[in-house]
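Notes follow the structure.
Counting begins at 1 with the first residue of the sequence. Everything numeric in this text was worked out from a predicted model, so none of it was measured. Side chains included, hydrogens not; waters and symmetry mates left out as well; all remaining heavy atoms used.
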Amino acid sequence: MPDIATATAALTRLAAAPQGPGDTLRVVLLVSMVGGALLAWFLLRGYRQGESADEPGGRPADTAARGASEDAGDANA
């Protein structure tokens with residue numbers, strides 16, 4: 001019959017051993033989720049509609065081009 005104290009000591013050592021890549025996997029998942037959110041924000045911000053030169057991030061060159069085509073009939077514009 002096996003010694004109970006030896007078996008208990010062996011099971012205690014196994015229970016105290018590290019249980020795999022838990023912390024590393026959590027960090028990798030967290031960084032990838034934050035990176036995915038930042039990538040989505042970066043890609044989607046280029047698809048905004050209805051921007052004007054007055055708004056932050058507006059495109060004055062596009063606004064100026066539209067204004068020039070609208071005033072093409074007016075020589076003093």
Side-chain angles (χ1 to χ4, degrees):
M1 203 156 129
D3 185 20
I4 300 293
T6 306
T8 305
L11 289 174
T12 305
R13 272 185 307 207
L14 288 174
Q19 298 294 320
D23 292 338
T24 304
L25 188 59
R26 282 187 199 108
V27 170
V28 168
L29 287 173
L30 179 64
V31 168
S32 64
M33 289 170 59
V34 170
L38 288 173
L39 179 64
W41 170 78
F42 180 75
L43 292 175
L44 290 173
R45 68 178 214 165
Y47 293 107
R48 286 186 285 182
Q49 300 294 321
E51 294 183 47
S52 68
D54 299 338
E55 297 175 5
R59 297 186 178 117
D62 294 344
T63 307
R66 273 185 264 136
S69 64
E70 292 171 1
D71 296 331
D74 187 6
N76 295 327

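Hydrophobic clustering (side-chain heavy atoms under 4.5 Å, transitive across Ile, Leu, Val, Met, Phe, Trp, Tyr) groups Trp41 together with Leu43.
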Between side-chain atoms of residues 22-29 and protein atoms elsewhere (two or more places apart, or another chain), which donor-acceptor pairs fall under 3.5 Å?
{"from": "Asp23", "atom 1": "OD1", "to": "Arg26", "atom 2": "NH1", "distance (Å)": "2.9"}

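Sorted pairs that involve residues 27-41 and meet salt bridge (charged side-chain N to carboxylate O under 4.0 Å, His left out), not counting sequence neighbours, are lacking altogether.
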